[in-house]
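Here is the structure we will look at, set down as structure tokens.
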2 protein chains.
Amino acid sequence: MTEDTVKPARKRQARGEKRMAELLDAAEEVFAAQGYAKASTNAIAAAAGASPGTLYQFFKNKEAIAEALMARYLTRLREAHGEAFDPAVAELPLAAMIDRIIDPVVAFDRANPGFYALLADPHLAADMANAKRPAQQAMFERLDLILKTKAPGLPPEQRALTAEVAVHLFRGLLPMVMAATEAALPAVVSETKRALSAYLATALPPGTP
Amino acid sequence: MTEDTVKPARKRQARGEKRMAELLDAAEEVFAAQGYAKASTNAIAAAAGASPGTLYQFFKNKEAIAEALMARYLTRLREAHGEAFDPAVAELPLAAMIDRIIDPVVAFDRANPGFYALLADPHLAADMANAKRPAQQAMFERLDLILKTKAPGLPPEQRALTAEVAVHLFRGLLPMVMAATEAALPAVVSETKRALSAYLATALPPGTP
DNA sequence: ACTGAATACGAGTGAGCGCTCGCAATCTAA
DNA sequence: TTAGATTGCGAGCGCTCACTCGTATTCAGT
């Protein structure tokens, strides 16, 4: 807020922002392949066809790279699948709602393995909590909102617990989703949906559609 | 074959094995606090009140430390809660069976945070796959066996998928279990059981107790 | 054409890492 | 007592890492 974050009015933006995007593409590759901890900034620069000095012209340190990459993921996630978490899906019956939420999220995660690499690493907590919290927070809040629409009578703290458990449950199955071959994917996704559906059915008051 | 190389028969086992145990205790602390990747072997040695040279007298490299620690965890897990995965629990109705499995596992995981730290790290795959695979494999195989007893008619590959999903499902909720305060724990454990119970109920053939 | 900011480079720096090595101390067995 | 194995030490080796800096190049605005 206090910084000129978005509207720099810098010169030479065309070249510079293109370089930034290339560097983020490279970071995506390297993070997905090696994980955040083992990925070296020199390797990221090299993968982008740039020098270490150039990389540090755009990102003040390694953590900033991950933060910027995560921010880009969140933007893409929102614009590509924003409707997946549209509160309107709460009107659908449970199974249909889960289809509408899970399918695009699975597609996104499999199309962006770097996103999963950043989210899954638990010991990024120290330097990276600020980068990954928004992602989980966003999922949690949207699901909480949907549950609120679907079951208005549910006490808020119970609703929050249900939403959090559902998000963690999905995250727990993500490794299987990511590791599955294209052929095995439908079965895994089907099990994922079944698990979510079964859990939410018992967590919501009986009679909820 | 005049050689039987299996038995160590080392001298000075008393002092040496005590040191090994101290080093593993230290590794447990440091891994839990920093994670495997950021934990330094010098820090582990220092935490044990030993020198790096001493550490490498007992463990040939960093990976071997994690492997030995994981082996110790597995031993403790088996001797403390071996009955949790006793095939006999398959005779129990689903809810009771889940109680018998989940409660001791939750207690063990909360009492041994280093175990969780090693299991949760996804990018230990490269150097550490050999160390953590037995742990997950053990859980998966025992659950698979239980399911076989409980639902003999289930096709093997479907049973394997169900067991794998159940294990991942539990692992996904582990972060909540580990992070929960003592006061919040019962609610989290209850949700965990509900999720497992709901999933298994739909995955097993109807009519299974 | 000139200037200054933005972009680009890449060898280099300091720190930290896993791990080694020479050597000293301690213990067992004879 | 002596020999040999085990345990112990800690400075330091070789290496990789995140990051810097002096310098060179490319543009926008004038």
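The figures here come from the full heavy-atom set of this structure, side chains too, leaving out hydrogens, waters and symmetry mates. The model shown is predicted, which means the values in this text are computed figures rather than measured ones.
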(request) Check the distance between D:dC17's C1' and A:Asn61's CG and give it to me in whole angstrom. (result) 14 Å
(request) Could you state the atom-to-atom distance from NZ of B:Lys18 to C1' of D:dG8 in whole Å? (result) 14 Å
(request) Would you indicate, yes or no, if C:dT20 has its OP1 or OP2 atom less than 4.0 angstrom from a side-chain nitrogen or oxygen of B:Tyr56? (result) no
(request) Determine, for A:Lys148 against A:Glu141, whether the closest basic-nitrogen to carboxylate-oxygen distance falls under 4.0 angstrom. (result) no
(message) Strictly below 4.0 Å, N to O, side chains only: are A:Asp25 and A:Arg72 in salt-bridge contact?
(response) yes
(request) Answer whether the closest heavy-atom distance between the side chains of A:Ile44 and A:Leu55 falls below 4.5 Å. (result) yes
(request) Pick base, sugar-phosphate or nothing for A:Ala39, based on heavy-atom distances below 4.0 Å to the nucleic acid. (result) sugar-phosphate
(request) Take the angle between the ring planes of A:Phe31 and A:Tyr36 and call it parallel below 30°, perpendicular above 60°, tilted in between. (result) tilted
(request) On DNA chain D, check which nucleotide each of A:Pro52 and B:Gly49 is closest to and give me the residue with the more 5' one. (result) B:Gly49
(request) Can you tell me the distance, in whole Å, between the CD1 atom of A:Ile44 and the C1' atom of C:dG10? (result) 17 Å
(request) Please report, rounded to the nearest Å, how far the P atom of C:dG18 is from the CZ atom of B:Phe58. (result) 19 Å
(message) Without decimals, in angstroms, what is the distance between B:Glu63 CD and C:dG18 C1'?
(response) 13 Å
(request) To the nearest Å, give me how far apart CE (A:Met20) and C1' (C:dT7) are. (result) 13 Å
(request) Tell me which of A:Gly53 and A:Gln57 sits closer to the 5' end of DNA chain C, going by the nucleotide each one is nearest to. (result) A:Gln57
(message) Any N or O donor-acceptor pair under 3.5 Å from the base of D:dC17 to the side chain of A:Asn42?
(response) no
(request) Measure the distance from NZ on B:Lys60 to C1' on C:dC19 and round it to the nearest whole Å. (result) 13 Å
(request) Examine D:dC9: is either OP1 or OP2 under 4.0 Å from a nitrogen or oxygen in the side chain of B:Thr54? Give yes or no. (result) yes
(message) Between A:Thr54 and A:Ala50 (side chain of the first, backbone of the second, donor and acceptor by atom type, cut-off under 3.5 Å), is there such a pair?
(response) no
(request) Establish, with yes or no, whether the OP1 or OP2 oxygen of C:dG18 is under 4.0 angstrom from a side-chain nitrogen or oxygen of B:Thr41. (result) yes
(message) Any side-chain N or O of A:Arg19 below 4.0 angstrom from OP1/OP2 of C:dT7?
(response) no
(request) Output the single nucleotide from C:dC19, D:dC19, D:dG8 whose closest atom is nearest the side chain of B:Arg15. (result) D:dG8
(request) Calculate the interatomic distance between B:Gln34 atom CD and C:dG16 atom C1'; express it in whole Å. (result) 13 Å
